[in-house]
Amino acid sequence: MPHLFATSDLHVTHEGNGPILDAVVPETPEDWLLVAGDVAELAEATIGTLKTLRSRFAKVVWVPGNHELWTTKNDACQLRGQARYEYLVEQCREIGVLTPEDEFPVWRHGPRPLTIAPLFLLYDYSWRTPQAAGKPLEEALRQAREAGVVCTDEYFLHPDPYPSRQAWCADRLKISTERLDAIPADHGTILMSHWPLHRHPTAPLYWPEFALWCGTTKTEDWHLRYRAEVAVYGHLHIPRSTEADGVRFEEVSLGYPREWRKRARGAVPMRRILWPS
């Protein structure tokens, strides 16, 4: 029986993370792998890594994180925003990796079929601290800067051709909702995204202001609305299992070497999401 594994935030170009890719291997030839974003900042490194993983696993499903969407001066690919995302999708299709733009695959090795829904959603700055609640976005961002928190997205994640990241997020929510609504009613789901769908995983953040760049209130009930068996995500670099409303949430990130080297268990390159029943 095949197994379903997941990983995220491999950040393969960071010194110390590259060799860990050798440990992302299946247990059987039929195993699947979910890759919840932040493979690398460079387009070539992202696609090269996904190609390697596809050569090992029977199926690989990828969603972009914020780092894949960055446009930095040292990247040969200078596409921005939606054009960059479309380029990555096109490259994934050439190597046989599924994306949020492809037909959702179905995991049939359990009590009920589970539709795996890769979601590209972004964020809309709606996760605020109590001090920023109800205030204009400019004030929320000012408070974050004053606390010493500014996500690098503000410099490298361009929303072109959308007027803002919030507008891009709104469009992605619309697209994703339409696709999720079309999933057969007798299917459960595995909701897979880079940014967490529910606010509770951000509670341990050292800087609570960083939640601004972590999700949207619009997805807070999706784990119930879409019959999730499990919600898989990354981004926070706080790998752990939690629950909300009886639904399991799995943060599957590897993170940076300076983070995983401090943990007693060290680097965890991937997590098992489902077991054969």
Side-chain angles (χ1 to χ4, degrees), residues 6-9 34-38 62-70 81 85 100 116-137 139-141 143-144 147 149-154 156-159 162 164-180 189-226 228 230-245 247-253 255:
T7 187
S8 77
D9 298 77
L34 310 182
V35 183
D38 279 9
W62 166 84
V63 294
N66 52 317
H67 284 240
E68 282 107 337
L69 299 173
W70 286 359
Y85 172 59
I116 297 175
L119 306 170
F120 167 38
L121 300 171
L122 286 163
Y123 51 84
D124 61 5
Y125 303 95
S126 57
W127 286 357
R128 306 287 187 86
T129 62
Q131 296 80 8
K135 303 286 179 63
L137 175 58
E139 174 60 17
L141 291 171
Q143 291 180 17
V149 181
V150 179
C151 183
T152 310
D153 292 0
E154 297 295 318
F156 297 137
L157 204 170
H158 306 286
Y162 297 91
S164 65
R165 296 179 198 87
Q166 302 97 297
W168 195 3
C169 175
D171 194 45
R172 292 307 312 180
L173 287 166
K174 179 177 181 294
I175 292 168
S176 301
T177 299
E178 291 172 354
R179 298 203 62 196
L180 289 166
T189 62
I190 298 170
L191 302 179
M192 169 192 174
S193 56
H194 179 66
W195 296 271
L197 301 177
H198 194 272
R199 178 73 183 266
H200 82 270
T202 67
L205 286 174
Y206 187 81
W207 290 284
E209 294 83 2
F210 188 71
L212 279 170
W213 295 275
C214 292
T216 168
T217 57
K218 299 296 199 317
T219 62
E220 291 276 302
D221 69 340
W222 282 19
H223 59 292
L224 296 176
R225 181 176 170 185
Y226 295 114
V230 58
V232 176
Y233 66 99
H235 189 57
L236 302 182
H237 294 196
I238 309 174
R240 60 183 184 140
S241 300
T242 58
E243 279 194 5
D245 305 305
V247 177
R248 181 161 50 101
F249 281 70
E250 295 284 354
E251 210 278 18
V252 297
S253 62

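By convention here, the first residue in the shown sequence is residue 1.
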Closest heavy-atom pair, Ala36 versus Gly234, reported as atoms and distance to 0.1 Å, is CB-N, 4.5 Å
Using a strict 4.0 Å threshold on nitrogen-to-oxygen distance, state whether Glu250 and Arg248 make a salt bridge. yes
Nearest heavy-atom neighbours spanning Ala117 and Leu180: CB-CD2, 3.7 Å
If the condition is side chain to side chain donor-acceptor pair (under 3.5 Å), which residues does Tyr162 pass it with, not counting sequence neighbours? Asp171
With no hydrogens and no angle check, just 3.5 Å: does a side-chain donor-acceptor pair link Thr242 and His200? yes
Let me confirm one number: the CZ-CG distance from Phe249 to Leu197, rounded to the nearest 0.5 Å. 6.0 Å
Contact check, side chains of Pro100 and Pro64, non-hydrogen atoms, under 4.5 Å: yes
Residue pair Asp245 / His223, side-chain donor-acceptor N/O under 3.5 Å: yes
For Glu178, what residues pass the salt bridge (charged side-chain N to carboxylate O under 4.0 Å, His left out) criterion, not counting sequence neighbours? Lys174
Residues that His158 engages under side chain to side chain donor-acceptor pair (under 3.5 Å), provided they are two or more places apart: Arg80
Decide yes or no on side chain to side chain contact (heavy atoms under 4.5 Å, CB included) for Asn66 and Leu122, but give the supporting numbers first. CA-CA 8 Å; Asn66 52 317; Leu122 286 163; over 6 Å; no
For Ala144 and Trp213 the tightest heavy-atom approach is CB-CH2, 4.0 Å
Leu212 to Ala140 - nearest heavy-atom pair and separation: CD1-O, 3.9 Å
Do Val35 and Ser8 make a side-chain contact, defined as non-hydrogen atoms from C-beta onward lying under 4.5 Å apart? no
Using modelled atom types and a 3.5 Å cut-off, is there a donor and acceptor pairing between side-chain atoms of Arg128 and backbone atoms of Glu209? no
If we count only N and O atoms by modelled type, under 3.5 Å, do the side chains of Asp153 and Tyr123 hold a donor and an acceptor together? yes
Taken in chain and number order and not counting sequence neighbours, the residues that satisfy salt bridge (charged side-chain N to carboxylate O under 4.0 Å, His left out) with Arg165 are Glu154
Please step through side chain to side chain contact (heavy atoms under 4.5 Å, CB included) for the pair Trp195 and Thr216, ending with a clear verdict. CA-CA 9 Å; Trp195 296 271; Thr216 168; over 6 Å; no
Would you say the side chains of Asp9 and His235 form a donor-acceptor pair under 3.5 Å? no
Less than 4.5 Å apart, side chain to side chain, heavy atoms only: is that true for Leu191 and Ile116? no
Measuring centre to centre across the rings, with the benzene-like ring taken for any Trp, is Trp168 within less than 6.0 Å of Phe120? yes
If I take atom CG from residue Leu121 and atom NZ from residue Lys218, how far apart are they, to the nearest 0.5 angstrom? 12.0 Å
Do Tyr233 and His194 pass the side chain to side chain contact (heavy atoms under 4.5 Å, CB included) test, and can you show the C-alpha distance, the side-chain angles, and the key distance before you say yes or no? CA-CA 5 Å; Tyr233 66 99; His194 179 66; over 6 Å; no
Flag side-chain contact, heavy atom, 4.5 Å: Arg199 against Thr217: no
Residue set satisfying side chain to side chain donor-acceptor pair (under 3.5 Å) with Glu139, at least two apart, ordered chain then number -> Arg142, Gln143
When rounded to the nearest 0.5 angstrom, what is the spacing between NE2 in His67 and OG1 in Thr152? 6.5 Å
Nearest 0.5 Å please: distance from the SG atom of Cys151 over to the CG atom of Leu141. 10.5 Å
Closest non-hydrogen atom pair between Leu157 and Leu69, with its separation: CG-CB, 4.0 Å
Hey, are the side chains of Leu119 and Trp222 touching, using non-hydrogen atoms and a 4.5 Å cut-off? yes
What heavy-atom pair brings Ala228 and Val247 nearest, and what distance separates the two atoms? O-CG1, 3.7 Å
Gap separating the CG atom of Asp38 from the OG1 atom of Thr7, nearest 0.5 angstrom: 11.0 Å
Listed by chain and number, what are the side chain to side chain donor-acceptor pair (under 3.5 Å) partners of Arg179, not counting sequence neighbours? none
To the nearest 0.5 Å, what is the distance between CH2 (Trp127) and CZ (Phe210)? 11.5 Å
